[in-house]
There are 2 protein chains.
Amino acid sequence: MPKLGMEPIRKAALVNATIAEIGRTGSLDVTVSQIARRAGMSSALAHHYFGGKEGMFLAAMRHVLTLYGAEVRGALAVARGPEARVQAVVHASFSPANFRREVIGAWLNFYVMAQTMPEAARLLDVYQRRLRSNLRHGLRPLVGPRAATVAEALAALIDGVYLRQVLVRGKADRAGAVETVLGVLAAELGRGART
Amino acid sequence: MPKLGMEPIRKAALVNATIAEIGRTGSLDVTVSQIARRAGMSSALAHHYFGGKEGMFLAAMRHVLTLYGAEVRGALAVARGPEARVQAVVHASFSPANFRREVIGAWLNFYVMAQTMPEAARLLDVYQRRLRSNLRHGLRPLVGPRAATVAEALAALIDGVYLRQVLVRGKADRAGAVETVLGVLAAELGRGART
DNA sequence: ACGTTAATTGACCCGTCAATCAACAAAAAA
DNA sequence: TTTTTTGTTGATTGACGGGTCAATTAACGT
């Protein structure tokens, strides 16, 4: 029963289903049919809208990156002062939306994609650049010329803490993640961190 | 022309070929035939020795982990004093052997495996535990009760820096990696880090 | 010599999957 | 009403990949 104006709805459904399936299986070893079935349509329609599996993967990646970007911008908008800006980035990175098992699994596989799909590599590169840039801006007034170095370290730390959650069974540990990163931040700011 | 005592040689060749192929394609999307061809034998023989693809992946993972473990032990053996111990772990983690593109790609995919293969998850867990434990022992005399927390952070940072190399085109940046981690260590030790 | 065992492979089976296509349904336009 | 555009799918195809097996070759022990 074809309704009109289905394209955006179907595309959105497919993108969500793609993320969900990648998260569920923990790998890129998902079939177009699985994704399409979860999104409530035939695999042929998925091909129709995205031209192929790769297109679906990239769309899913763009979507996750867009959500993350929005979350960061939102957090930065209400941050008062440089230190609050850095903390805002950290909190956004580990926000409930980005810290679901599905999404973590998806991220991991984006890195895998980046090894073979140039467009995926480009997208990840944009993410990393933005992350470092955001951190630098907050850090400059705090640590001056060391801002670039510290931003580099914090960015890597965020990714590392994120990666670590892959192995955690059950709910991922948001509070612990934030604490770890902020602990390093505190040390870099020259004050001793709390236990 | 069957020679005797081929088993260990063939197994070793297959393990190396597995790592090489995973590194080359950047994904687990490698066929048994590809691996076997690179190792100079038929795919049937690969199945004969490892029982299947999964067995080959796990063997490759064990091998990488073993090499890494040996490297760490070696570095620790000659380390004088607590701080040197921590630095030894860092240097070993980013040693030339572990920092080749192939191996980095392999590591990334081990995390992917861990999401579906319990044995892979177990192996990675052992690695992470050992890494944290080694760091803690070196850190205890330096930061006392904060050793556990700092070890956690350094371990995550090491993994994050490692992950980051996935996107670097060309040779991975060993010196920069070490510097980033040691910079954070210096900050945690309460001295200001160098630029 | 001779049977036993390790090494080794080509051919094959069975399943799967991405992609295509022809065809149909419904709404919009003419 | 006819035509066009958009939405939709079942069926099909062509390729490929993991795993199995029967059969072959050579070394070894006796």
Side-chain angles (χ1 to χ4, degrees), chain A residues 1-61 109 112-113 115-120, chain B residues 1-61 109 112-113 115-120:
Chain A
M1 313 86 186
K3 304 274 177 60
L4 272 270
M6 280 286 98
E7 178 158 349
I9 289 110
R10 300 247 107 130
K11 279 192 170 179
L14 280 170
V15 162
N16 286 330
T18 302
I19 298 166
E21 280 297 304
I22 292 178
R24 187 178 65 79
T25 68
S27 77
L28 297 176
D29 215 352
V30 290
T31 72
V32 175
S33 301
Q34 280 168 8
I35 298 172
R37 191 172 333 119
R38 179 182 285 243
M41 71 197 78
S42 77
S43 72
L45 196 53
H47 275 95
H48 173 63
Y49 280 125
F50 283 104
K53 198 193 222 184
E54 186 166 314
M56 296 166 69
F57 282 166
L58 288 175
M61 197 166 158
N109 282 285
V112 173
M113 284 189 226
Q115 307 231 313
T116 42
M117 299 167 37
E119 176 66 6
Chain B
M1 313 89 185
K3 305 273 177 60
L4 272 268
M6 279 287 98
E7 178 159 349
I9 288 111
R10 299 249 106 129
K11 279 192 168 178
L14 281 170
V15 162
N16 285 331
T18 303
I19 296 167
E21 280 297 305
I22 292 179
R24 188 178 65 78
T25 69
S27 76
L28 297 177
D29 214 353
V30 289
T31 71
V32 174
S33 302
Q34 280 169 10
I35 297 172
R37 192 172 333 118
R38 178 181 285 243
M41 69 196 80
S42 77
S43 72
L45 197 52
H47 276 96
H48 173 63
Y49 281 127
F50 283 105
K53 200 192 213 179
E54 186 167 315
M56 297 167 70
F57 282 165
L58 287 175
M61 197 165 159
N109 282 286
V112 174
M113 284 188 225
Q115 307 231 310
T116 40
M117 298 166 37
E119 177 65 6

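Note: hydrogens, waters and symmetry copies are ignored here, and every other heavy atom, side chains too, is used. In the text below, chain A, chain B and the rest are named by the order of the sequence lines, each starting its count at 1.
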* Starting at atom CE of A:M41, determine the distance to atom C1' of D:dG10, rounded to an integer number of angstrom. => 16 Å
* Taking DNA chain C as the partner, which of residues 47-58 of chain B come within under 4.0 angstrom of it by heavy atom? -> B:H48, B:Y49
* Roughly, in whole Å, what's the span from CE in A:M6 to C1' in C:dA28? -> 16 Å
* Asked: Should B:R10 be listed as having a side-chain N or O under 4.0 Å from OP1 or OP2 of C:dA6?
  -> no
* Asked: Is there a side-chain contact between B:H48 and B:R10 (heavy atoms, below 4.5 Å)?
  -> no
* To do: Mind listing the closest non-hydrogen atom pair of A:M41 and A:A13 along with its distance?
  => CE-CB, 4.4 Å
* Structure fact -> Between CG of B:D29 and P of C:dC17 the distance, given in whole Å, is 12 Å
* Asked: Between D:dT6 atom P and A:K11 atom NZ, what is the distance in whole Å?
  -> 13 Å
* **Spacing of B:E7 atom CD relative to D:dA27 atom C1', expressed in whole Å** => 16 Å
* To do: Measure across A:V15 and A:A60 and return the closest heavy-atom pair with its distance rounded to 0.1 Å.
  => CG1-CA, 3.9 Å
* Atom CZ of B:R37 to atom P of C:dT9: distance rounded to whole Å? -> 13 Å
* Asked: Nearest to the side chain of A:A44 - C:dG10, D:dG7, C:dT20?
  -> C:dT20
* Evaluate whether atom CG of A:D29 has more than 12 neighbouring non-hydrogen atoms of other residues, nucleotides or ligands under 6.0 angstrom away. => no
* **Donor-acceptor contact below 3.5 Å, side chain A:K11 vs main chain A:F50** => no
* Taking the side chain of B:T31 as its heavy atoms from C-beta onward, which of D:dG17, D:dG10, D:dT8 lies nearest to it? -> D:dG17
* Provide the closest heavy-atom pair for B:T18 versus B:F57 in the form atom of the first, atom of the second, distance. => CG2-CD2, 3.8 Å
* What is the distance, rounded to the nearest whole Å, between atom CG of A:L28 and atom P of C:dC17? -> 14 Å
